Colleague: 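Provided herewith is a single structure, encoded as structure tokens, for subsequent inquiry.
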Amino acid sequence: MRARPAALLAALFIAIASTAVAQTTSAPFTGRDLSGTYACTGVDGHEGAYTSTVTLEMDRAQSHGKRAGYHFRMEVPNYGTYRGVATADGDALAITFAHEDPATQDYGTGIAKVSRTKDGKVRFDKFYYEDAYKGGNTGTESCVRN
């Protein structure tokens, strides 16, 4: 029995995709390490202007090629602490976060662009969305690594 061209193409695709995934996850990290402490200013749709301190800590075991995973912690004076995770792919950064007090329903997802300040410091500018906090919310935040 002869294999059909579609079956051969499917088998070839699976073989190539498996190899690409294996190479991606086993490749050493070569991207920019965003680990560190950041001074942030933001504007929340419900709460207004605020300041915070964000700490990113790379999970080296889960960081490969130009992609990295991070533990995220944000401390907002007089409001509390948020914990979450972040993932970076080049200059794109995605962040999930949740206030430590679940009763606040203050949790969400952010997307950020990583760049450098004029004096060379790493920064990220984030837009975030929270579907449950006070009926829904958005905000922006700019953070510069100390």
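None of these values were measured; they are calculated from a predicted model.
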Colleague: Where is the tightest heavy-atom contact between R145 and K121, given as atom of each residue plus distance?
Modeller: O-CD, 3.6 Å
Colleague: Taking the side chain as C-beta and beyond, is there a heavy-atom pair between F124 and D91 under 4.5 Å?
Modeller: no
Colleague: Can you tell which of Q105, E47, H46 makes a side-chain hydrogen bond (donor to acceptor under 3.5 Å, both in side chains) with Y133?
Modeller: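 With Y133 as partner, side-chain hydrogen bond (donor to acceptor under 3.5 Å, both in side chains) holds for just one option, E47.
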Colleague: Can you see which heavy atom on A88 is nearest to which on Y70, and at what distance?
Modeller: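 Looking at all heavy atoms of both residues, the closest pair is CB-CE1, 3.9 Å.
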Colleague: Determine, stepwise, if the pair D44 / E130 fulfils side-chain contact (heavy atoms from CB on, under 4.5 Å).
Modeller: CA-CA 10 Å; D44 183 89; E130 301 172 298; 4.0 Å; yes
Colleague: How far does OG1 of T81 sit from CZ of R73, to the nearest 0.5 angstrom?
Modeller: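 Reported value, rounded in 0.5 Å steps: 4.5 Å.
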Colleague: Which atoms form the tightest heavy-atom contact between Y50 and S52, and what is the distance?
Modeller: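 Shortest heavy-atom contact: CE1-OG, 4.2 Å.
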Colleague: Does the side chain of I111 come within less than 4.5 Å of Y129's, by heavy atoms?
Modeller: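 No, too far: nothing below the 4.5 Å cut-off.
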Colleague: Mind checking the CD-SG spacing from E75 to C40? Nearest 0.5 Å is all I need.
Modeller: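 With rounding to 0.5 Å, CD (E75) is 11.0 Å from SG (C40).
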Colleague: Nearest heavy-atom pair of Y38 and V122: which atoms, and what distance?
Modeller: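 Smallest heavy-atom distance, with atoms named: OH-CG1, 3.8 Å.
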Colleague: List the atom pairs, with distances to 0.1 Å, where a side-chain N or O of residues 93-104 and a protein N or O form a donor-acceptor pair under 3.5 Å, not counting sequence neighbours.
Modeller:
{"unit_1": "H99", "atom_1": "ND1", "unit_2": "D101", "atom_2": "N", "d": "2.9"}
{"unit_1": "H99", "atom_1": "NE2", "unit_2": "Y79", "atom_2": "O", "d": "3.0"}
{"unit_1": "E100", "atom_1": "OE2", "unit_2": "R83", "atom_2": "NE", "d": "2.7"}
{"unit_1": "E100", "atom_1": "OE2", "unit_2": "R83", "atom_2": "NH2", "d": "3.4"}
{"unit_1": "D101", "atom_1": "OD1", "unit_2": "A103", "atom_2": "N", "d": "3.0"}
{"unit_1": "T104", "atom_1": "OG1", "unit_2": "D101", "atom_2": "O", "d": "2.9"}
{"unit_1": "T104", "atom_1": "OG1", "unit_2": "D106", "atom_2": "N", "d": "3.2"}

Colleague: Would you please name every residue forming a side-chain hydrogen bond (donor to acceptor under 3.5 Å, both in side chains) with N78, sequence neighbours left out?
Modeller: none
Colleague: Mind listing the side-chain donor-acceptor pairs of residues 54-62 below 3.5 Å, one per line with the distance, residues two or more places apart or on another chain?
Modeller:
{"unit_1": "D59", "atom_1": "OD1", "unit_2": "A61", "atom_2": "N", "d": "3.3"}
{"unit_1": "R60", "atom_1": "NH2", "unit_2": "D33", "atom_2": "OD2", "d": "3.0"}

Colleague: Is it the case that N137 and Y128 place a side-chain donor and acceptor less than 3.5 Å from each other?
Modeller: no
Colleague: Looking only at heavy atoms, what is the nearest atom pair of F29 and A68, with distance?
Modeller: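 F29 and A68 have their closest heavy atoms at CE1-CB, 3.6 Å.
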Colleague: Below 4.5 Å, heavy atoms only, C-beta onward: do K126 and T140 meet side chain to side chain?
Modeller: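 Counting from C-beta outward, K126 and T140 never come under 4.5 Å.
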